[in-house]
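These values consider heavy atoms only, across backbone and side chains, with no hydrogens, waters or symmetry-generated copies.
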Amino acid sequence: MERKYENDEMQIDLIEIFYVLKSKILAILGAGLLFGVLACAYAAFMVKPVYTSTSMVLVMPKEVSLSSSLQLGSQLTSDYSVLITSRPVLSEVVDELGLNIDYKALKGAVSINNPSGTRILQLSVQYGDAKKAKEIADKLAEVSSEYIGEQMEVTPPKIIEKGEIPTSRSNAGMSKMAMMGVLAGMVLCAGVVILQSLLDDTIKTEEDIEKYLGISSLSVIPDRKDYINGTRKKSKRADSGQHGSN
């Protein structure tokens, strides 16, 4: 029975929180709108767009049987990944394309992925210009293929797919940032409202007397100020009526 009472009390608290949030819905929506506008402005003026283009190469082991080709290819992909992002390869890409960055900055923009169970390497490049991102991805695949063939004296990785010019940015755009800002603002404002409600232990109703003091209220006294104002209004009307009759 006591557990049921605790559950009932918890349910009443949740209902109270619901009504508190409902009473502050305009403030919550306003906070969400404000944060959304700020996030949209931040994405428009502070965040530079980033575009990603990906080319793919196939690791081709030389003079091996078909049964061991996959195993050897998987082992070579680790070596190839290191060579692709090596200083000679990246420096040549920078020089041939005339990029305004050094090889270290380019290395931070390159990511290599090897899908599980394949001999394929995906060379992804992130850059602030969509067309330039494709050019870098294609040139990286070309230069690294030649470099790996020369240094390891193996069959150079075969370029099986060139990059495409990305049509959308890979980092968060204005619409996504605005949506995240709206949600963050609403959640933050709702959290502040709930926290204020939980910390507010002032007695406002007779139910609060039973809740916080554990005693029952025998009667309710009306607001004295309203009563005085009401009598004053009545007295003024009565006085005006008496003066009018005289």
Side-chain angles (χ1 to χ4, degrees), residues 39 42-180:
Y42 176 78
F45 299 104
M46 301 297 294
V47 179
K48 295 182 179 180
V50 175
Y51 302 92
T52 303
S53 183
T54 303
S55 60
M56 292 192 296
V57 297
L58 175 64
V59 177
M60 301 178 64
K62 187 177 180 180
E63 297 179 357
V64 293
S65 62
L66 182 62
S67 59
S68 60
S69 177
L70 282 175
Q71 181 179 359
L72 181 58
S74 299
Q75 295 174 355
L76 289 176
T77 52
S78 300
D79 297 334
Y80 288 3
S81 298
V82 176
L83 292 174
I84 291 171
T85 56
S86 63
R87 179 175 56 83
V89 172
L90 297 179
S91 297
E92 185 174 348
V93 172
V94 171
D95 294 338
E96 291 193 13
L97 294 179
L99 302 177
N100 295 325
I101 57 176
D102 57 9
Y103 78 94
K104 294 181 180 180
L106 180 57
K107 185 175 183 179
V110 174
S111 60
I112 301 175
N113 180 41
N114 173 219
S116 178
T118 69
R119 296 175 295 164
I120 296 175
L121 289 177
Q122 297 174 333
L123 315 182
S124 299
V125 176
Q126 292 185 340
Y127 205 73
D129 181 84
K131 185 178 179 180
K132 211 69 175 178
K134 170 190 163 43
E135 294 178 359
I136 297 174
D138 294 343
K139 182 60 67 174
L140 179 63
E142 177 186 339
V143 173
S144 61
S145 178
E146 295 177 359
Y147 183 78
I148 290 172
E150 294 175 358
Q151 297 298 320
M152 299 189 66
E153 297 182 355
V154 295
T155 302
K158 183 179 180 180
I159 301 174
I160 59 176
E161 184 176 300
K162 292 187 176 181
E164 295 182 344
I165 299 177
T167 57
S168 60
R169 53 195 293 179
S170 54
N171 59 344
M174 291 180 60
S175 58
K176 187 176 181 180
M177 288 288 290
M179 183 62 65
M180 293 173 60

Of Leu106, Leu140, Val94, the residue whose pairing with Val89 passes side chain to side chain contact (heavy atoms under 4.5 Å, CB included): Leu140

Any side-chain heavy-atom pair from Ser111 and Thr52 closer than 4.5 angstrom? no

Atom pair [atom1]/[atom2] of [X] and [Y] - distance to nearest 0.5 Å:
X      : Y     : atom1 : atom2 : answer
Ile159 : Leu58 : CD1   : CG    : 11.5 Å
Met152 : Asp79 : CE    : CG    : 5.0 Å
Glu161 : Thr54 : CD    : OG1   : 8.5 Å
Asn113 : Met56 : CG    : CE    : 10.5 Å

Looking only at non-hydrogen atoms, find the nearest pair between [X] and [Y] and report the distance.
X      : Y      : result
Ser86  : Tyr147 : OG-CE2, 3.9 Å
Tyr80  : Leu121 : CB-CD1, 3.7 Å
Gln126 : Val50  : CB-CG1, 3.7 Å
Arg169 : Pro49  : NH2-CA, 3.6 Å
Ile101 : Ala105 : CB-CB, 3.9 Å

In short, side-chain hydrogen bond (donor to acceptor under 3.5 Å, both in side chains) pairs touching residues 88-101 with sequence neighbours left out are Glu96-Lys139

Given 3.5 Å as the limit, does a donor-acceptor pair link the side chain of [X] with the main chain of [Y], or not?
X      : Y      : answer
Ser145 : Pro157 : yes
Asn114 : Ile120 : yes
Ser53  : Glu164 : yes

Going by atom type alone, with no hydrogens or angles, which donor-acceptor pairs under 3.5 Å involve a side-chain atom of residues 130-137 and a protein atom two or more places apart or on another chain?
from, atom 1, to, atom 2, distance (Å)
Lys134, NZ, Asp138, OD2, 2.7
Lys134, NZ, Gly163, O, 2.8

